[in-house]
Amino acid sequence: MNTEPHTDVPDPAERPARLAVGVVGAGRVGAALGAALQLAGHRVVAASGISTASRRRAEELLPGVPLLDPRDVAARADLLLLTVPDDALADLVAGLTATGSIRAGQLVAHTSGRHGIAVLEPVLAAGALPLALHPVMTFTGTRVDVARLAGCAFGVTAPELMRPVAEALVVEMGGEPEWIAEENRALYHAALAVGANHLVTLVAQARELLAAAGAQAPQRMLGPLLGAALDNALRAGDAALTGPVARGDAGTVAAHLAVLRRHSPQALAAYTAMARATADRALEAGLLKAEAAEALVEVLGERPHLTPPPVADAAPVADAAPVADAAPATDPAAAATDPDATGADPAEAPRPLLVRTRAQLEQAVGAHRDAGPLALVMTMGALHEGHATLVREARRAAGPDGTVVVSVFVNPLQFGAGEDLDRYPRTLDADVELAGRAGADVVFAPSVEEVYPGGEPLVRITAGPIGERFEGASRPGHFDGVLTVVAKVINLVRPDLAFFGEKDAQQLAAIRRMARDLNLAVEIRGVPTVREPDGLAMSSRNRYLSAEERVTALALSAALRAGRDAAAGAAPGQGARAAVEAAEEVLRRAEDAEPPLALDYLALIDPAGFTPAPPDHTGPAVLAVAARIGTTRLIDNLPLELPARPGGARGEEA
Ligand SMILES: Nc1ncnc2c1ncn2[C@@H]1O[C@H](COP(=O)(O)OP(=O)(O)OP(=O)(O)O)[C@@H](O)[C@H]1O
Ligand SMILES: CC(C)(CO)[C@@H](O)C(=O)[O-]
Ligand code: BAL
């Protein structure tokens, strides 16, 4: 490097108009520019600076220059350099002009990047001549800085008449003037921050991640690579881009996100933002095909996850939290956002990783298998607060080191002919958002072809007698389809824990039996039914209901509540019969309502084998109902404890 700058500068004595220079703020920039002006033949007559570091710098770069109060520096200077931090500049200018330290004809230059000359308005009013001279360089506070000014660009803003003077001063310091219009100053400065300051952070993150990966000499690895990348980028622009984003390698990007999520949430945010920007540019530059870009967008998500959750009209309630029949509306936003209540912090929740294939799933989950528990929540999408509760339970159980996978798959195998497979709501974007807020790390949303390559499976799991009663009688083959897909997804994710809702009580019973009978290495956990405050069990199918149908649908939960209350007040051993009769009474009325309810079944069930409970049944029971309102089929149930003596019902709410 050339450490002897300005050797072509003529002897100062031969040049006219040498200036007395004062430097206010002998920081790194002030000391370097003062020294450069001195080399150009000007005289630095005074400087100000009170910290030990600025005194040391002044001694090294401006030897013999007296350190004075800023007003005295101004008084001695023809050219006053203001080299203080951006935010201190306006106050300094106001102070100097208010004390009469600025005089007509004096040159007053600042070195801020962000500001043009508007900030020097009081100086202009005092008759002085404002200049903005910003060296596009990073300074160390040593002699090296002076050498670096040779060939360094300066962002220059000045009144048009002063432009030749400003540019001449820059040239004398060895720099190259670049004219920046007053209104573009902030943009100019933002551009430099993006390029230089963010680069420092990116390099620091790269070093830390390499060290975490076990590299012994991260700097040595990065030096040649980053040097070549910088060189290529400056010469070729976007065409210099290489790496997985440019190749559209979504699987690799997904794997990167997964490890960063674990190792460095800070680097994850930066990586995601930069990868999105990189994908956009690669697409625009024609380096990336549209389909590949789409796969990347799915993996990266379109935007960060910072919006608050949608607020339901009224607060949901869970069966496990008994409430009065007309549930008081608690604050739904608080219920949905309280981190203690949810086990996840929605405001900070990063968008979960969306994976579409088995290979992507394995890449996303594989690395974390040993880090902590792996918890699975299976859904058919169109997620609501009931699903969110399952995900929160999964997050709580998995803990901060564990991983929560939510599957979203509308499984054709469990729909009968004439059922609602085609119109089942599909809302993947919103599902990914909701799953993320509830604490999911990964959302697995495979296509039908991905789950059933080559068509429906020849070999399936059969639910046995459990699959033939109640729901199974109304929907033949339904539980075989459910168990087959549940087994498949459990085999793909290989979770330690899997969460299912008690709302689908027969499904939960069948899955528990499958896990037990087939020795699946997974713990099945049930989660109580989450309800609207008026008692309606939350269900994706509720969105099919018109306002009138929804009123009729309330009969399901009302009937269950009536059954529970009747059981609680019945004579010993009479609870089962009383529960069924009371529930039937409510349902009969709903059959006469407009629109009417069409009852499919009402049953009291012995949960041990999910068999019909006899009329004198005591102990645990499930009161279950299924009915059609219009074209919508809904199910609901309430767990009961039928005591041998009155007054001991479990008190769950419907
Ligand atoms: N209100 C709820 N409370 C608790 N868990 C629920 C609730 N609704 C659904 N779940 C559970 O969420 C999981 C996924 O269910 P699914 O995606 O079928 O939702 P759903 O709302 O039950 O839809 P559908 O209307 O099709 O029955 C299941 O384990 C289910 O029992
Ligand atoms: C368990 C399940 C996701 C299997 O498709 C489904 O039956 C459901 O959503 O309850
Ligand atoms: N919620 C159970 C899945 C189904 O109804 O198909």
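The residues of the chain are indexed from 1 along the displayed sequence. Treat the numbers as computed from the prediction; the structure is a model and nothing was measured. Atoms within a ligand are numbered from 1 in the order they appear, just like the ligands themselves.
For Y544 and E549, the side-chain atoms include no donor-acceptor pair closer than 3.5 Å.
Using a 4.5 Å heavy-atom cutoff, the side chains of E548 and P595 are in contact. Side-chain contact between D441 and P352: absent, with no pair of heavy atoms (C-beta onward) separated by less than 4.5 Å. The side-chain heavy atoms of V365 and F444, taken from C-beta on, include no pair separated by under 4.5 Å. Put simply, the side chain of D504 reaches to within 4.5 Å of the side chain of I635, judged on heavy atoms. Annotation: side chain of L508 is not in contact with side chain of R513 (no heavy-atom distance under 4.5 Å). The shortest distance between side-chain heavy atoms of R550 and D534 falls below 4.5 Å. Using a 4.5 Å cut-off on side-chain heavy atoms (C-beta onward), R356 and P446 make no contact.
The proximity of M378 to ligand 1, defined as any non-hydrogen pair under 4.0 Å, is limited to the backbone. Proximity of A382 to ligand 1, defined as any heavy-atom pair under 4.0 Å, is not found for any part of the residue. If you look at I511 next to ligand 2, there are no close heavy atoms at all, none under 4.0 Å.
Of all the atoms in ligand 1, the ones that sit under 4.0 Å from a non-hydrogen atom of M538 are 1 (N), 2 (C), 7 (C), 8 (N). For ligand 1, the atoms sitting less than 4.0 Å from at least one non-hydrogen atom of S539 are 21 (O), 24 (P), 25 (O), 27 (O), numbered in the order shown with element in parentheses. Within ligand 1, counting atoms from 1 as listed, the ones closer than 4.0 Å to a heavy atom of G501 are 5 (N), 11 (C), 28 (C), 29 (O), 30 (C), 31 (O). Taking every non-hydrogen atom of F500 and a distance limit under 4.0 Å, the qualifying atoms of ligand 1 come out as 29 (O). Below 4.0 Å from some heavy atom of S540 lie the following atoms of ligand 1, by number and element: 19 (O), 20 (P), 21 (O), 23 (O), 25 (O). Less than 4.0 angstrom separates some heavy atom of M378 from each of these atoms of ligand 2: 3 (C). Listed by atom number, the atoms of ligand 2 under 4.0 Å from V485 heavy atoms are 4 (C), 5 (O).
A donor-acceptor pair under 3.5 Å is absent between the side-chain atoms of D636 and the main chain of K503, judged by distance alone.
The closest approach between a heavy atom of H384 and any atom of ligand 1 is below 4.0 Å.
Taking each of I635, L383, L390, T389 in turn, the one with a heavy atom nearest to atom 11 (C) of ligand 1 proves to be L390. Of the candidates V527, D431, D504, D504 brings a heavy atom nearest to atom 10 (N) of ligand 1. By heavy-atom distance, the residue among R541, K503, M380 lying nearest atom 20 (P) of ligand 1 is K503.
Legend: residues meeting salt bridge (Lys or Arg N to Asp or Glu O under 4.0 Å) with R589, ordered by chain and number and at least two apart, are E585.
The minimum heavy-atom distance between L296 and G248, with the atom names listed, is CD1-CA, 4.0 Å. When all heavy atoms of Y452 and L413 are compared, the closest pair comes out as OH-CD2, 3.4 Å.
Nearest non-hydrogen protein atom to atom 19 (O) of ligand 1 is H387 NE2, 2.8 Å. Nearest non-hydrogen protein atom to atom 3 (N) of ligand 1 is V530 N, 2.9 Å. Summary of contacts: the protein heavy atom closest to atom 8 (C) of ligand 2 is Q507 NE2, 3.8 Å. Closest protein heavy atom to atom 9 (O) of ligand 2: M380 CG, 3.3 Å. In this structure, atom 26 (O) of ligand 1 lies nearest to the protein heavy atom Y424 OH, 2.5 Å.
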Which pairs would a plain distance check flag for residues 607-629, meaning a side-chain donor or acceptor within less than 3.5 Å of a matching protein atom at least two apart in sequence or in another chain?
residue : atom : partner : partner atom : Å
H617    : NE2  : P620    : O            : 2.8

Donor-acceptor contacts, no H, no angles, side chain residues 476-490, under 3.5 Å, sequence neighbours left out:
residue : atom : partner : partner atom : Å
H478    : ND1  : Q414    : O            : 2.8
D480    : OD1  : A463    : N            : 2.9
T484    : OG1  : I461    : N            : 3.0
T484    : OG1  : D480    : O            : 2.6
K488    : NZ   : V451    : O            : 2.8

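Within 4.0 Å of ligand 3, counting heavy atoms only, the contacting residues are M380, Q414, R475, H478, D504, Q507, R541.
Residue T529 has no N or O atom closer than 3.5 Å to an N or O atom of ligand 1. On a distance-only criterion, A537 and ligand 1 share no N/O pair closer than 3.5 Å. For the pair Q414 and ligand 2, the shortest N or O to N or O distance falls below 3.5 Å.
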*Would you please test L260 and T272 for side chain to side chain contact (heavy atoms under 4.5 Å, CB included) and show each step?*
CA-CA 10 Å; L260 290 177; T272 309; over 6 Å; no
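Between T403 and the choices R262, R261, R395, R369, the side chain to side chain donor-acceptor pair (under 3.5 Å) rule is met once, by R262.
Of the inter-residue distances, the one linking Y424 atom OH with N411 atom CG reads 11.0 Å to the nearest 0.5 angstrom.
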